[in-house]
Amino acid sequence: MIDITLPDNSVKQYDEGVTALKVAQDISEGLARNVLAAKVNDEVWDATRPITENASVQLLTWNDIDGKAAMWHSSAHLMAEAIEILYPGVKFGIGPDIENGFYYDIDFMDYEISEKDLVKIEKKMQELARQKQVFERLDVSKDEALAYFEEKGDEYKLELINELEDGTITYYKSGSFTDLCRGPHIPSTGVIKAIKLTKVAGAYWRGDENRKQLTRIYGITFPKKKELDEYLVLLEEAKKRDHRLLGKELELFTFSQKVGQGLPLWLPKGAELRERLETYLKTVQKKAGYAPVISPHIGNVNLYKTSGHYQKYGEESFRPITTPVDGEEFFLKPMNCPHHCEIFNAKPHSYKELPIRYAEFGTVYRYEQSGELHGLTRVRGFTQDDAHIFCTPDQIKDEFNGVIDIIQQIFTALDFKDVIIQISLRDPDKKEKYIGSEENWQKSEQAIMDVAADRGLNAVVEYGEAAFYGPKMDFIVKDAIGRKWQLGTIQVDYNLPERFDLTYIGADNEKHRPVMIHRAPFGSMERFVAVLIEHCGGNFPLWLIPEQAIILPISEKYNEYGKKVLALLDQMGIRATIDNRSEKTGRKIRDAEMKKIPFMFVVGEQEEIDNNLSVRKHGEGDLGKFTVEEISNIINSEVEKMMNLK
RNA sequence: GCCAGCAUAGCUCAGUUGGUCAGAGCAGCUGAUUUGUAAUCAGCAGGCCGUGGGUUCGAAUCCCUCUGCUGGCUCCA
């Protein structure tokens with residue numbers, strides 16, 4: 001007999017070889033039906049794997065991440081089985097579960113696969129799932145495994161097996177499909193009720209560009225049809241918020257084949273919105289002691305040789321710009337830091353001046369592979385809300401605090417409530433990889449950790465993720481529908497001060513090396529605006545939105561009064577337009593609602609006589625009558641409150 | 001860059017096996033209407049069917065090139 005301890009600390013006695021599934025059955029049949037896997041002594045196991053010693057057992061269902069993982073991994077096997085039946089002779093790479101579903105990389109040999117084939121595969125999967133195939137776990141020796149896949153002619157599996165140690169190799173068998181797999185799996189395919197194969201894509205074998213490209217099929221499965229439907233609704237919602245669609249609809253930005261891919265063109269409304277963001281940040285930064293600087297869009301090749309970027313990026317960047325004079329070579333600037341270093345070098349500095357903070361909305365150009373480009377989130381020309389802080393090692397902590405103040409203020413003003421922070425430090429085992437002195441690294445890493453602790457930040461520490469030149473802190477926001485986006489960043493740099501020989505004179509009258517901090521609260525204006533659009537679904541905060549209000553005259557008779565109101569609103573600093581088309585009020589309201597304009601001012605005979613407006617709020621409806629001054633003050637105070645500038 | 005797919009009017013899309021197939025809705029323009037909280041009516045105008053080439057008596061439709069767009073290419077049996 002062995003003891004099985006359940007999460008509530010109750011202990012039950014069973015014969016040796018009992019399975020988690022049996023334990024579940026003893027609790028209730030309903031639970032047993034829903035068990036996908038089990039955590040046995042903190043290791044995820046098949047619910048059907050015999051337990052041979054005293055153990056703690058936690059039953060995993062669809063509500064557990066590990067339960068979902070087992071389900072999706074099993075779904076990958078199910079898909080492979082279906083594909084092997086439909087396309088005999090194909091070879092399999094790997095088929096793991098992922099954050100949202102699963103995929104399998106497959107070498108389809110001579111078969112041509114496109115999305116049209118997915119339906120066929122889905123049907124076959126459904127058919128196999130209904131057979132309630134049981135997943136069987138088998139221990140095999142390395143030789144056996146090699147022989148099996150040798151015969152099958154699957155060189156991908158052979159490669160994987162060769163990297164494994166004998167004695168640790170297991171097969172999983174379900175229906176006609178046997179796969180090299182460490183598991184765990186669900187008890188049977190019967191729990192897979194809803195299947196959706198989502199896309200076909202190419203993926204290099206083991207992510208290596210130099211190796212063969214396999215066909216990757218993505219899919220997701222659910223234990224209930226209803227859950228699949230909900231998932232599809234969420235995808236639809238994400239589609240509606242796509243910044244590329246909304247950017248077009250709201251006339252914010254566009255792209256042109258003639259101008260070139262990855263080079264966004266900002267339309268008037270988008271440019272105004274962006275300008276408002278920039279002005280806001282400039283105001284905040286000015287208060288925080290930043291000095292504006294401006295640098296050109298190109299730099300001599302020697303600048304980048306000094307900075308080290310030439311050696312690193314020279315080959316995979318835009319080609320150099322040459323001049324009529326021999327030997328002159330320029331590069332489009334891929335970052336602003338080298339320019340800012342030279343600004344620092346323009347004159348000697350005393351320790352009394354530090355920290356020095358140079359800020360610039362600097363437009364940079366980077367050659368991204370064409371397939372990497374995506375709307376405004378991945379472009380070839382973009383503007384960073386960049387700044388570089390030059391300070392002493394002892395000032396790092398204060399400077400981090402100052403930057404975090406700015407970032408939090410911005411996120412609040414833009415209604416990003418859910419922020420995760422990632423702190424990237426050195427890999428403690430490979431300290432030789434990093435440039436800069438041990439003392440300085442310790443100081444900066446400690447400073448960052450202290451800041452996070454002092455402020456009670458929701459931070460995750462990643463060792464080994466630091467850049468070779470310094471540790472960093474990244475800000476990741478969750479948007480309105482739960483997607484994560486990396487935005488702002490703060491990075492310590494021990495490299496460029498060295499390369500540019502940056503110095504300041506200390507109290508001891510000796511030269512010292514300053515520390516450089518790169519920081520960008522938005523990241524880039526392009527990416528930030530994209531994330532903002534998707535976050536608010538185009539319903540921008542009142543202080544940012546291009547059109548705050550629209551005047552809707554009941555008929556052409558009241559256009560004159562409307563224009564008068566427009567002039568008054570303008571004086572009050574409200575961004576408004578007028579819809580003086582010969583349309584019915586219902587039509588004008590509908591159009592304004594669709595354009596997501598926050599305030600609609602209906603004016604007709606009554607309003608003209610009383611010298612006021614009927615106010616309608618977007619998504620809410622009629623608010624009643626207000627004078628121009630009253631409503632302007634309401635809007636302006638709302639704006640002021642949101643911007644939180646003191 | 002690579003794999004898969006896509007490219008028809010400003011936008012969203014129809015166009016069956018190559019032969020009155022160049023269309024619709026919205027937007028735009030003109031006119032009528034003078035409108036009270038989510039679509040008034042009528043008319044007009046809009047496109048070398050992404051580019052270049054090929055097959056054919058004949059190509060938006062079939063083949064190739066290029067350009068651009070979409071999804072994917074770090075989730076490790």
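All values below were derived from every heavy atom in this structure, side-chain atoms included, with hydrogens, water molecules and symmetry-related copies excluded. A, B, ... follow the sequence lines: proteins, then strands. Residue 1 opens every chain.
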Across the strands shown, which category fits [X] at heavy-atom distances under 4.0 angstrom: base, sugar-phosphate, nothing?
X	value
A:Phe255	nothing
A:Thr585	sugar-phosphate
A:Gln213	base
A:Arg216	sugar-phosphate
A:Gln606	base
A:Thr215	nothing
A:Glu607	base

So, is A:Lys248 close to the B:rU12 phosphate, meaning a side-chain N or O under 4.0 Å from OP1 or OP2?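 For B:rU12, OP1/OP2 do have a side-chain N/O of A:Lys248 under 4.0 Å.
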Decide if the gap between the ring center of [X] and the ring center of [Y] is smaller than 6.0 angstrom.
X	Y	answer
A:Phe318	A:Tyr367	yes
A:Phe92	A:Tyr156	no
A:Tyr87	A:Phe108	yes
A:Phe382	A:Tyr365	no

Using atom [atom1] of each nucleotide, how far apart are [N] and [M] to the nearest Å?
N	M	atom1	value
B:rC64	B:rG72	C1'	26 Å
B:rG46	B:rA22	C1'	13 Å
B:rU12	B:rG47	C1'	15 Å

Heavy-atom distance under 4.5 Å between the side chains of A:Phe135 and A:Thr189, does that happen here?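 Yes, side chains in contact.
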Looking at the base of B:rA39, is there any donor atom on it, or on the side chain of A:Arg587, that sits under 3.5 Å from an acceptor on the other one?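 Answer no: no donor N or O sits under 3.5 Å from an acceptor.
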Does any N or O donor sit under 3.5 Å from an N or O acceptor when you compare the side chain of A:Ser555 with the base of B:rG36?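 Check fails, no donor-acceptor contact within cut-off.
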Between A:Thr489 and A:Asp474, do the side chains contain a donor N or O and an acceptor N or O under 3.5 Å apart?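 Indeed, the side chains of A:Asp474 and A:Thr489 share at least one donor-acceptor pair under 3.5 Å.
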Under the 3.5 Å Watson-Crick or G-U criterion, the dot-bracket string of RNA chain B, with | for inter-strand pairs: (((((((..((((.....[...)))).(((((.......))))).....(.(((..]....))).))))))))....
Go nucleotide by nucleotide along RNA chain B from the 5' end; which of A:Val615 and A:Asp97 gets its closest nucleotide reached first?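 Between the two, 5'-proximity favours A:Val615.
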Return the set of residues passing side chain to side chain contact (heavy atoms under 4.5 Å, CB included) with A:Glu163 (not counting sequence neighbours), or none when no residue passes.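 Applying side chain to side chain contact (heavy atoms under 4.5 Å, CB included) to A:Glu163 gives A:Glu159, A:Arg206.
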